[in-house]
Amino acid sequence: MTASPAPDLRGLWVPIVTPFDPQGDVDLVALGELAARLLQDGATGLVALGTTGEPATLTREERRQVVETCDRACRGAGCGLMVGAGTNSTRGTIEEIETLTAGIETAAALVVVPYYTRPSERAIIEHFVAVAEASSVPVVAYNIPYRTGRGLGAAALLEISAHPNIVGLKQSVGGIDVDTLEVLAGARPGFQVLAGDDAFIVPTILMGGVGAIAAAAHLCTPVFAELAAAAIAGEGARARELAEVLLPLVVAGFSEPSPAVWKGALARRAQLTTGDLRRPMTAATPSALDRLIDVAEQISQRQATSEATLATAR
């Protein structure tokens, strides 16, 4: 298959949650409103059906509805959309990409390393090549070994990066390890690495990454957008300052299994009807929500004070 034009993945992408109404159905109205708010607040684009969107608990019809809703919001804002479509089956992944992206303005399909079945590294490479060959949209590989049970090292990541239809990587390995640095240094020109761990956005970008896919950016979105922009511009001091401000938010939001605390906080702020998740996931505890809301309010107050000071100085 001829490679699709490579998208520009620079900036902040938010892997949007999937809201549920009190009856447990997908709340498409709340989803559309949240999508519009995130984009208005500075997100470069959205990732529909990332892990944060609970795709494993959605029906095929619901997954398609989520993608269509996000597509409308992204088109309206002139922003990009990635679609999570990876499964633990090569054939299933190809079919999922076809089903979810047909008629959608998709920057890329986000394809996770096959989970649970634990194929060999060579088999995973062949999986990505087969998916990339069949996909009508560009592919971004998603390397997150603590969820999948298998990860790709630098040699394998560099090998798949050579495929013209594999245009990027979401790297979520819990830090900036040697493999990550080798990929940042050695990938082909135009291959784009995105930080997948919210605490390591700045070092990933400063070492050659192009942006981040950050669940924490559901809250304090403008600050995360500014952080990504500062790091991309090489403004290390400003990026570090913002990273230090946002770190307590990241820690609080991931204190319980994601996306429970993020959804609960959005519900507390009346941006979602409920903070519910589908089983086997359960809602966040009140104490975790209290911590996250408190940190978010402190950051918002700090930013408001900073902006008022700048306005006075002008």
Side-chain angles (χ1 to χ4, degrees), residues 1-9 13 15 47-51 55-56 60 63 67 80-102 104-173 177-196 204 208-211 213:
M1 171 171 285
T2 302
S4 307
D8 183 355
L9 303 179
W13 298 75
V47 179
L49 305 177
T51 307
R60 174 170 287 191
R63 292 196 295 274
V67 171
L81 174 66
M82 278 191 250
V83 176
T87 76
N88 60 350
S89 158
T90 303
R91 179 180 295 180
T93 299
I94 293 168
E95 292 175 351
E96 191 78 346
I97 292 173
E98 291 175 351
T99 299
L100 293 177
T101 66
I104 303 295
E105 288 190 7
T106 312
L110 183 65
V111 176
V112 72
V113 168
Y115 45 87
Y116 186 73
T117 49
R118 295 176 62 84
S120 68
E121 189 168 77
R122 173 49 51 187
I124 296 171
I125 293 170
E126 293 176 2
H127 165 83
F128 275 107
V129 170
V131 170
E133 288 289 330
S135 177
S136 60
V137 300
V139 171
V140 172
Y142 183 10
N143 189 34
I144 184 165
Y146 81 90
R147 282 191 181 272
T148 63
R150 277 283 188 263
L152 293 179
L157 291 169
L158 290 170
E159 184 172 342
I160 67 170
S161 78
H163 193 287
N165 205 33
I166 300 178
V167 299
L169 167 69
K170 180 184 178 184
Q171 182 74 330
S172 303
V173 294
D177 61 4
V178 172
D179 285 333
T180 302
L181 294 175
E182 288 183 356
V183 172
L184 288 165
R188 65 172 171 82
F191 185 77
Q192 302 167 86
V193 177
L194 293 155
T204 299
V210 301
I213 298 176

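Of all the heavy atoms in A107 and W13, the pair that sits closest is CB-CH2, 4.2 Å. The shortest non-hydrogen separation linking E182 to A154 is OE1-CB, 3.1 Å. For the pair N143 and G151, the tightest heavy-atom approach, listed with the atom from each and the gap, is OD1-CA, 3.5 Å. Of all non-hydrogen atoms in N165 and P138, the two that sit nearest each other are OD1-CA, 3.5 Å. L100 and V67 make their closest contact through O-CG1, 3.4 Å (heavy atoms, listed as atom of the first residue, atom of the second, distance). Residues A141 and L110 come closest through the heavy atom pair O-CD1, 4.4 Å.
Considering only residues two or more places apart in sequence or on other chains, E126 meets the side chain to side chain contact (heavy atoms under 4.5 Å, CB included) condition with R122. For E96, the side chain to side chain donor-acceptor pair (under 3.5 Å) partners two or more places apart in sequence, or in a different chain, are R63. Not counting sequence neighbours, the partners of R118 by the side chain to side chain contact (heavy atoms under 4.5 Å, CB included) test are R150. Every residue two or more places apart in sequence or in another chain was checked for a side chain to side chain contact (heavy atoms under 4.5 Å, CB included) with A185, and none qualifies. Not counting sequence neighbours, T148 has no partner by the side chain to side chain donor-acceptor pair (under 3.5 Å) test. The side chain to side chain contact (heavy atoms under 4.5 Å, CB included) check on T90 picks up I94, H127, A130, V131, with sequence neighbours excluded. For E95, there are no salt bridge (Lys or Arg N to Asp or Glu O under 4.0 Å) partners two or more places apart in sequence or in a different chain. In this view, D8 and R10 satisfy the salt bridge (Lys or Arg N to Asp or Glu O under 4.0 Å) rule, not counting sequence neighbours. By the side chain to side chain donor-acceptor pair (under 3.5 Å) test, T87 is found to be paired with T93, residues two or more places apart in sequence or in another chain being considered.
The 12-atom threshold is exceeded at CZ of R188, counting heavy atoms of other residues, nucleotides or ligands nearer than 6.0 Å.
At a threshold of 4.5 Å between non-hydrogen side-chain atoms, the residues L169 and V183 count as touching. The shortest side-chain heavy-atom distance between P7 and V167 falls under the 4.5 Å cut-off. Residues I144 and V113 form no side-chain contact, since every pair of their non-hydrogen atoms from C-beta on lies 4.5 Å or further apart.
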Any chance you could lay out the side-chain contact (heavy atoms from CB on, under 4.5 Å) test for T180 and V173, step after step, and finish with the verdict? CA-CA 9 Å; T180 302; V173 294; 3.7 Å; yes
Given side-chain contact (heavy atoms from CB on, under 4.5 Å), test H163 with F128 step by step and report yes or no. CA-CA 9 Å; H163 193 287; F128 275 107; over 6 Å; no
What's the verdict on side-chain contact (heavy atoms from CB on, under 4.5 Å) for I213 and M82, showing C-alpha distance, side-chain angles and the deciding distance? CA-CA 10 Å; I213 298 176; M82 278 191 250; 4.0 Å; yes
Report the C-alpha separation of I97 and V111 in whole Å, then their side-chain angles, then the decisive distance to 0.1 Å, and conclude whether the side-chain contact (heavy atoms from CB on, under 4.5 Å) test is met. CA-CA 9 Å; I97 292 173; V111 176; 4.1 Å; yes
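Checking side-chain atoms of Q171 against main-chain N and O of V193 turns up no donor-acceptor pair under 3.5 Å. Between the Q192 side chain and the V140 main chain, no donor and acceptor come within less than 3.5 Å of each other.
Taking CG of L152 as the reference point, atom CD1 of I124 lies at 5.0 Å (rounded to 0.5 Å).
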